[in-house]
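Notes for the one structure printed next.
Letters A, B, ... mirror the listed sequences (proteins, then strands); counts begin at 1. Hydrogens, waters and symmetry mates are skipped; everything else that's a heavy atom, side chains included, is used. The model shown is predicted, which means the values in this text are computed figures rather than measured ones.
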There are 2 protein chains.
Amino acid sequence: MADVFKAIADETRRAILDELSERDEQTLFELCSRLAMRHAVTSSRQAVSQHLDVLEAAGLVRREKRGRYTFHTIDTRPLAQIAERWPAKEAPQ
Amino acid sequence: MADVFKAIADETRRAILDELSERDEQTLFELCSRLAMRHAVTSSRQAVSQHLDVLEAAGLVRREKRGRYTFHTIDTRPLAQIAERWPAKEAPQ
DNA sequence: AGTATAGGCAAGTGTCCACTTGCCTATCAA
DNA sequence: TTGATAGGCAAGTGGACACTTGCCTATACT
């Protein structure tokens, strides 16, 4: 669970989640080009790949290999637990 | 908003939010002793104070000074926006 | 006035981490 | 089978940040 907090602490990884949230099942190269064009992310392919390692370790992204392509899918379930950990108070003044 | 992600990336700061979520309106010294006893946090007073600076900058903690005491209050509202940013998909398989 | 309590300010240190660089492997098309 | 595409592996580097240390200020109590 601590991995989830570390994962979303980085701006580039949040942009990756944004992008995967718009369009799922992207390959690494696809992600790189779309991040550059639509999210002003200039990171290299290796940098994005390392970010995907972190996101996968946190359970926020799943990888599925088919032939020479690896598709990436977002999994938002770990994020739901964050708001549940510190519940809103009953009566805001 | 980026400050919120940075703020909750740290284990000690999450423990501070846990503690304030259980008991609000604590002073710095009160927080330090309760963190040590109940959350196994061994950080110094200065360390906790610096963490509270970060939490305040993120809008997650408010400070209120009365006399020689400063009381700390949790504000969970910024956390609600996290789950909203990456909405859950409609039909999980 | 003097002392204890509650807390702030600021410089220094060590560690983690994002990113780069260079090279290697695997799959597919001609 | 040669080349292009898609991606992995690993070492090195620079900067951000959590934490300490030392000293200072302010409020309250006797």
Which atoms form the tightest heavy-atom contact between B:Ser21 and A:Trp86, and what is the distance?
CB-CD1, 4.0 Å
Whichever of B:Gln46 and A:Asp10 has its nearest DNA chain C nucleotide further upstream toward 5':
B:Gln46
For atom CG of B:Asp3 and atom C1' of D:dA16, their distance in whole Å
14 Å
Please report, rounded to the nearest Å, how far the C1' atom of C:dA18 is from the CD1 atom of A:Ile16.
12 Å
How long is the line joining CG of B:Leu52 and P of D:dC19, in whole Å?
12 Å
From the options A:Arg34, A:Arg13, A:Arg14, select the one residue that forms a salt bridge (Lys or Arg N to Asp or Glu O under 4.0 Å) with A:Glu19.
A:Arg34
On DNA chain C, nearest-nucleotide positions of B:Tyr69 versus A:His51: which is more 5'?
B:Tyr69
To the nearest angstrom, the CG-P distance between B:Leu31 and C:dG8 comes to 12 Å
Where the side chain of A:Ser44 is concerned, which of C:dA11, C:dT20, C:dG7 is the nearest nucleotide?
C:dT20
If you take atom types as modelled and just measure distance, does the side chain of A:Arg45 reach the base of D:dG7 with a donor-acceptor pair under 3.5 Å?
yes
How many whole angstroms separate atom CD of A:Glu11 from atom C1' of D:dA16?
15 Å
Quick check: does any side chain N or O of A:Ser44 sit under 3.5 Å from a backbone N or O of A:Ala47, one acting as donor and the other as acceptor?
yes
Reckon A:Arg13 touches a base, only the sugar-phosphate, or nothing at all at heavy-atom distances under 4.0 Å?
sugar-phosphate
OP1 or OP2 of C:dG7 sitting under 4.0 Å from any side-chain N/O of B:Ser49?
no
So which nucleotide from D:dA4, C:dT5, C:dC19 ends up closest to the side chain of B:Arg68?
C:dT5
Are the side chain of A:Thr76 and the backbone of A:Leu79 linked by a donor-acceptor contact shorter than 3.5 Å?
no
Any side-chain N or O of B:Thr27 below 4.0 angstrom from OP1/OP2 of C:dT5?
no
How many whole angstroms separate atom CG of B:Leu55 from atom C1' of D:dC17?
14 Å
I need the CG-C1' distance between B:Leu28 and D:dT27, as an integer number of Å.
15 Å
Does this structure show an ion pair linking A:Arg62 with A:Asp24, if we count only N-O contacts that are shorter than 4.0 Å?
no
B:Gln50 CD to C:dC9 P, in whole Å, measures 11 Å
Out of D:dA10, C:dG8, C:dA6, which nucleotide sits closest to the side chain of B:Phe29?
C:dA6
Testing C:dG8, C:dC19, C:dA6 for proximity to the side chain of A:Thr12, the answer is C:dC19
